[in-house]
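Below, all heavy atoms of this structure are taken into account, side chains as well, without hydrogens, waters or symmetry copies. Every value quoted in this text rests on a predicted model; they were computed, and no experiment measured them.
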Amino acid sequence: MTAVLFDFSGTLFRVESTESWLRGVIAEAGVELAEAEVAEAAQALETMGALPGGGAPSWLPEDVASVWGVRDKSAELHRAAYTGLSRHVPLPHDRLHDLLYDRHMSPAAWGPYPDTAEVLGALRERGIGVGVVSNIGWDIRPVFREHGLDPYVDTYVLSYEHGVQKPDPRLFRTACAALDVDPRDVVMVGDDRRADGGAAALGCAVHFVDHLPAAERPDGLRPVLDLVSAGVRTNGADPRNGH
């Protein structure tokens with residue numbers, strides 16, 4: 001293998017908990033809420049799936065359903081989708097919904113998985129190209145810079161910058177072209193079998209990790225180093241096999 005493509009959220013990084021997200025915004029805005037109110041609002045936001053990078057919505061309100069499927073095609077759609085979900089949860093001030101969205105884009109809201117730096121560093125030492133291919137509505141490069149991981153990434157291909165979402169093979173093709181590699185010599189690593197599995201259409205190998213809190217997935221990325229060493233190819237394998 002000559003290159004590895006990684007998804008961002010749930011693969012290399014994990015967003016903070018919904019409660020931490022809410023508490024951070026409340027503190028920033030100087031709003032006082034009783035503990036019971038904080039817990040209730042955090043649970044409601046969790047149920048709504050209002051935290052980007054967190055859990056999926058338990059249901060889609062009618063006013064959000066029309067943009068949900070295309071939310072990663074632009075920054076405007078992404079904000080509209082998630083603030084739309086958030087606004088179905090009563091909060092003391094309407095401005096808190098926009099502040100919540102803004103907070104999730106801050107580097108402080110994200111933490112790398114325990115083995116992210118180790119695996120990216122090992123790939124760099126081996127001369128393996130690295131790309132990040134993400135369905136996202138905002139620029140994640142500052143997150144990588146803040147955590148000291150940007151030097152390990154050769155290219156970023158972000159859906160909102162191209163108007164195309166995974167599993168559309170055009171995103172993966174763009175990343176392979178930027179790295180100047182044959183897709184058949186590439187492995188795509190992600191947590192979403194449908195979206196990230198789209199790379200198999202180009203002949204990329206595909207490896208899946210579990211979208212878990214960081215503490216529960218200490219070494220989920222390390223098998224990637226073995227795949228690279230083995231030079232695994234898909235050879236038309238069903239991406240649902242997980243490799």
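- Within a 6.0 Å radius of CG in D180, no more than 12 heavy atoms belonging to other residues, nucleotides or ligands are found.
- Remark: Q43 engages T47 in a side chain to side chain donor-acceptor pair (under 3.5 Å) (not counting sequence neighbours).
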Any chance you could lay out the side chain to side chain contact (heavy atoms under 4.5 Å, CB included) test for V130 and R124, step after step, and finish with the verdict?
-> CA-CA 8 Å; V130 169; R124 176 50 54 93; 5.5 Å; no

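- Note: F8 and F144 have tilted aromatic rings, judged against thresholds of 30 and 60 degrees for the angle between ring planes.
- Residues L212 and V224 do not share a hydrophobic cluster, defined by chaining ILVMFWY side chains whose heavy atoms lie under 4.5 Å apart.
- Listed by first then second residue, pairs satisfying side-chain hydrogen bond (donor to acceptor under 3.5 Å, both in side chains) with a partner in residues 1-13 read D7-T11, D7-K166, T11-D191, not counting sequence neighbours.
- Taken to the nearest 0.5 Å, the NE2 atom of H211 stands 10.0 Å off from the CG atom of D192.
- Side chains of P61 and M48 form a contact here, defined as non-hydrogen atoms less than 4.5 Å apart.
- If you take CG on D182 and CE on M1, they are separated by 10.0 Å, rounding to the nearest 0.5 Å.
- Separation of atoms CZ (F6) and CG (L12) is listed at 5.5 Å; rounding is to 0.5 Å.
- Heavy-atom minimum distance, C176 versus V186: SG-CG2, 4.0 Å.
- Using modelled atom types, one finds no donor on one side chain facing an acceptor on the other under 3.5 Å when comparing W110 with H147.
- In plain terms, the two heavy atoms of F13 and Y113 that are nearest each other are O-CE1, 3.4 Å.
- E216 CD: more than 12 foreign heavy atoms inside a 6.0 Å radius.
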How far apart are the C-alpha atoms of L60 and L85, what are their side-chain angles, what is the distance that settles it, and do they pass the side chain to side chain contact (heavy atoms under 4.5 Å, CB included) test?
-> CA-CA 8 Å; L60 277 179; L85 290 175; 4.2 Å; yes

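- No donor-acceptor distance shorter than 3.5 angstrom exists from the side chain of R173 to the backbone of L202, with no hydrogens or angles considered.
- E16 contributes atom CD, which lies 12.0 Å from atom CZ of R23 (distance to the nearest 0.5 angstrom).
- Looking at D154, its side chain never comes within 3.5 Å of a backbone N or O of G131 through a donor-acceptor pair.
- In this structure a side-chain-to-backbone donor-acceptor pair under 3.5 Å is missing from R222 to E118.
- Counting only distance, with no hydrogens or angles, the side chain of R71 and the backbone of V64 share no donor-acceptor pair below 3.5 Å.
- Note that CG of L225 is 6.5 Å distant from OG of S229, once rounded to the nearest 0.5 Å.
- Distance check, rounded to the nearest 0.5 Å: CG of D196 to SG of C204 gives 11.0 Å.
- Applying the 6.0 Å contact sphere to CZ of R126 captures more than 12 heavy atoms from other residues, nucleotides or ligands.
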Taking it one step at a time, do T18 and L22 satisfy side chain to side chain contact (heavy atoms under 4.5 Å, CB included)?
-> CA-CA 6 Å; T18 306; L22 176 60; 5.6 Å; no

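- The two atoms that bring G220 and P223 nearest to each other are O-CD, 3.4 Å, heavy atoms only.
- Heavy atoms only, all atoms of each residue included: A215 and P218 are closest at O-CD, 4.2 Å.
- Of all heavy-atom pairs spanning W21 and P52, the tightest one is CZ2-CD, 4.5 Å.
- A 4.5 Å side-chain heavy-atom check between L100 and L45 finds at least one atom pair inside the cut-off.
- For the pair S159 (side chain) and I136 (backbone), a donor-acceptor distance under 3.5 Å is present.
- No side-chain heavy atom of Q165 sits less than 4.5 Å from a side-chain heavy atom of L171.
- With sequence neighbours left out, T155 forms a side chain to side chain donor-acceptor pair (under 3.5 Å) with no residue at all.
- No more than 12 heavy atoms of other residues, nucleotides or ligands lie within 6.0 Å of CZ in R170, so this atom counts as exposed by the packing criterion.
- Under the rule for a side chain to side chain donor-acceptor pair (under 3.5 Å), the partners of R141 that lie at least two apart in sequence or sit in another chain are D139, E161.
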Taking only distance into account, with no hydrogens and no angle test, what donor-acceptor pairs under 3.5 Å do side-chain atoms of residues 88-97 form with protein atoms, sequence neighbours excluded?
from, atom 1, to, atom 2, distance (Å)
H88, NE2, D63, OD1, 2.9
H88, NE2, D63, OD2, 3.4
D94, OD1, R87, NE, 3.0
D94, OD2, R87, NH2, 3.1
H97, ND1, S86, O, 3.3
H97, ND1, S86, OG, 2.6

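- In this structure, the side chains of R193 and V206 stay at 4.5 Å or more apart for every pair of heavy atoms.
- The aromatic rings of Y82 and H78 are tilted relative to each other, their planes meeting at an angle between 30° and 60°.
- Residues forming a side chain to side chain donor-acceptor pair (under 3.5 Å) with Y152 (at least two apart in sequence, or on another chain): none.
- Annotation for A3 and L179: closest pair CB-CD1, 3.9 Å, computed over non-hydrogen atoms.
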